[in-house]
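Treat the numbers as computed from the prediction; the structure is a model and nothing was measured. Atoms within each ligand, like the ligands themselves, are counted from 1 in listed order.
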Amino acid sequence: MERFCVAGDFVEACPYGSGHINDTYAVTMDQAGRTVRYILQRINHRVFPDPPRLMENIHRICRELGAGLRRDGEERSSRRALTVVCTREGAPVHQDDQGGFWRVYYFIEGALGYDVVENHRQAFEAARAFGEFQRLLADLPGPRLHETIPGFHDTPRRLERFRQVFAEAPRPRREAVRVEAEFFLSRHDEASRLVSLQRQGLLPERVTHNDTKLNNVLIDQETHQAVCVIDLDTVMPGLVPYDFGDLVRTSTTRAVEDERDLEKVRFDREFFLALARGYLSSAGAFLTPLEREHLVFGGFLMTYEVGVRFLTDYLEGNVYFKTAYDEHNLVRARTQIALASQIEAVRGELEEELAQIDRA
Ligand code: ATP
Ligand code: MG
Ligand code: MG
């Protein structure tokens with residue numbers, strides 16, 4: 001911590017939270033008898049190849065969010081957006097002698113992230129927070145943000161990669177996933193819908209979060225309102241339906257991503273409506289009609305895309321996602337197929353309901 005502009009005496013550092021990507025510590029400092037906490041993270045260099053560029057993005061984003069909140073009249077804006085603490089040299093990231101990259105944020109006290117959605121209120125609040133996040137970054141000045149993971153949501157490219165891996169997989173493995181493969185391959189037109197609308201200039205590129213899970217929003221323990229969107233590593237240029245879609249994927253079922261009993265993977269329409277209401281309450285004003293029309297489709301597409309990635313990884317021998325047993329990624333692909341099929345089956349109805357909220 002002595003590398004960073006942090007005052008006081010070091011007390012302790014403890015591993016913190018349930019993130020899967022970075023190493024996260026809560027660091028306590030004694031500042032003239034007052035204890036103050038910080039979040040210290042080692043950035044996962046394997047997933048994010050260029051941490052200095054990534055931190056250039058995050059630093060810009062945090063400053064823009066803070067300025068936007070103050071413009072909105074927020075008094076305690078430092079709790080409503082992450083604040084990057086720079087090194088003594090003024091950089092947003094420190095590289096250690098072993099090549100590790102470290103960053104520090106103010107600790108947001110009195111708020112927690114939840115791993116699995118428990119009630120409608122949480123779904124509403126999380127979606128409202130991500131909508132507000134997009135709204136505040138809609139006019140980010142300056143150059144385009146760096147793509148921290150190039151081609152992250154290029155669904156047709158993901159599908160193409162799957163097609164190759166499937167064709168080259170050993171026969172027994174290929175046979176084992178024939179039904180799942182058929183599900184993905186037969187929907188290739190759907191896979192390219194959003195990117196082709198983008199290419200035609202019909203869907204605008206915006207600043208999106210790209211990891212809109214419930215636990216990436218801190219919720220106040222007393223008021224139960226969303227306080228702050230965190231985990232900004234994947235913030236980059238993207239399409240609005242990706243963010244709303246990943247919320248739908250992760251917050252419309254109480255089943256875990258690797259649930260083996262597919263009966264339990266139930267799409268919950270009430271959770272969906274809570275997400276839609278929360279999201280439109282903050283993002284409704286800036287969305288174009290075509291963006292709104294593709295929100296439900298985004299839910300289908302993100303679930304489909306993650307399913308494709310799980311199945312690809314299974315065929316490749318589980319090289320990307322951490323697994324506890326050999327079929328883990330196949331199990332995960334199946335939960336995504338189960339959810340995507342349910343969304344697909346009621347897509348028209350959900351679109352009508354969402355349009356009603358718009359007019360409310
Ligand atoms: P993921 O697996 O979601 O990608 P990650 O490894 O990228 O996670 P983060 O989400 O950035 O890590 O942080 C891990 C956890 O630390 C969060 O879920 C949250 O509980 C906590 N956390 C992160 N930043 C803060 C902060 N500024 N104040 C308080 N808690 C925080
Ligand atoms: Mg996280
Ligand atoms: Mg993360």
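Residues Glu56 and Arg53 are not paired through a salt bridge, judged by the lack of any N-O separation under 4.0 Å between the basic side chain and the carboxylate. Between Glu74 and Arg71, no side-chain nitrogen of the basic residue sits less than 4.0 Å from a carboxylate oxygen of the acidic one, so the salt-bridge criterion is not met.
Shown in contact with Phe107 at under 4.0 Å from a heavy atom are these atoms of ligand 1, numbered in order with element: 28 (N), 29 (C). Heavy-atom proximity to Asp231, at under 4.0 Å, picks out these atoms of ligand 1: 1 (P), 3 (O), 4 (O), 5 (P), 7 (O), 8 (O), 9 (P), 10 (O), 11 (O).
Rounding to the nearest 0.5 angstrom, the gap separating the CG atom in Leu350 from the CD atom in Gln342 is 11.0 Å.
Remark: ligand 1 and Ile108 share an N or O pair separated by less than 3.5 Å (distance only, no angle test). Residue Arg103 places no N or O, backbone or side chain, under 3.5 Å from any N or O of ligand 1. Considering both main-chain and side-chain atoms, Leu218 never comes within under 3.5 Å of ligand 1 through any nitrogen or oxygen pair. Backbone and side-chain nitrogen or oxygen atoms of Ser18 are examined, and none is located within less than 3.5 angstrom of a nitrogen or oxygen of ligand 1.
Nearest residue to atom 20 (O) of ligand 1 from Tyr16, Tyr38, Tyr106 is Tyr16 (criterion: closest heavy atom).
Annotation: protein N, O or S atoms under 2.8 Å of the Mg ion (ligand 3) (waters excluded) comprise Asp231 OD1, Asp231 OD2.
The protein heavy atom nearest to atom 17 (C) of ligand 1 is Ile230 CD1, 3.5 Å. In this structure, the protein non-hydrogen atom closest to atom 2 (O) of ligand 1 is His20 N, 2.6 Å. The protein atom (non-hydrogen) at minimum distance from atom 3 (O) of ligand 1 is Lys213 NZ, 2.7 Å. Among all non-hydrogen protein atoms, the one lying nearest atom 7 (O) of ligand 1 is Asn22 ND2, 2.9 Å. Protein heavy atom at the shortest distance from atom 12 (O) of ligand 1 is Gln41 NE2, 3.6 Å.
The minimum heavy-atom distance linking Glu351 with Glu293 is given by the pair OE2-O, 3.9 Å.
Aromatic ring centroids of Phe130 and Tyr279 lie 6.0 Å or more apart. Taking the six-membered ring wherever Trp is involved, the centroid distance between the rings of Phe101 and His94 does not fall below 6.0 Å.
Between the Ser196 side chain and the Arg193 main chain, a donor and an acceptor come within less than 3.5 Å of each other. Using modelled atom types, one side-chain atom of Asp313 and one backbone atom of Phe321 make a donor-acceptor pair closer than 3.5 Å.
Geometrically, Arg173 engages Tyr314 in a cation-pi contact defined by less than 6.0 Å to the ring centre and at most 45° from the axis. Judged by the 6.0 Å and 45° rule, Arg187 forms a cation-pi pair with Phe183.
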Would you list the atom pairs, donor with acceptor, under 3.5 Å between side chains in residues 24-33 and any protein atom, with sequence neighbours excluded?
| residue | atom | partner | partner atom | Å |
| --- | --- | --- | --- | --- |
| Thr24 | OG1 | Gln41 | NE2 | 3.0 |
| Asp30 | OD1 | Gly33 | N | 2.8 |
| Gln31 | NE2 | Ala7 | O | 3.1 |
| Gln31 | NE2 | Tyr38 | OH | 3.0 |

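The side chain of Ile39, and not its backbone, has at least one atom closer than 4.0 Å to an atom of ligand 1 (non-hydrogen atoms only; side chain from C-beta on).
Ring-plane geometry between Phe267 and Phe272 is classed as tilted, the angle between the planes lying from 30 to 60 degrees on a 0 to 90 degree scale.
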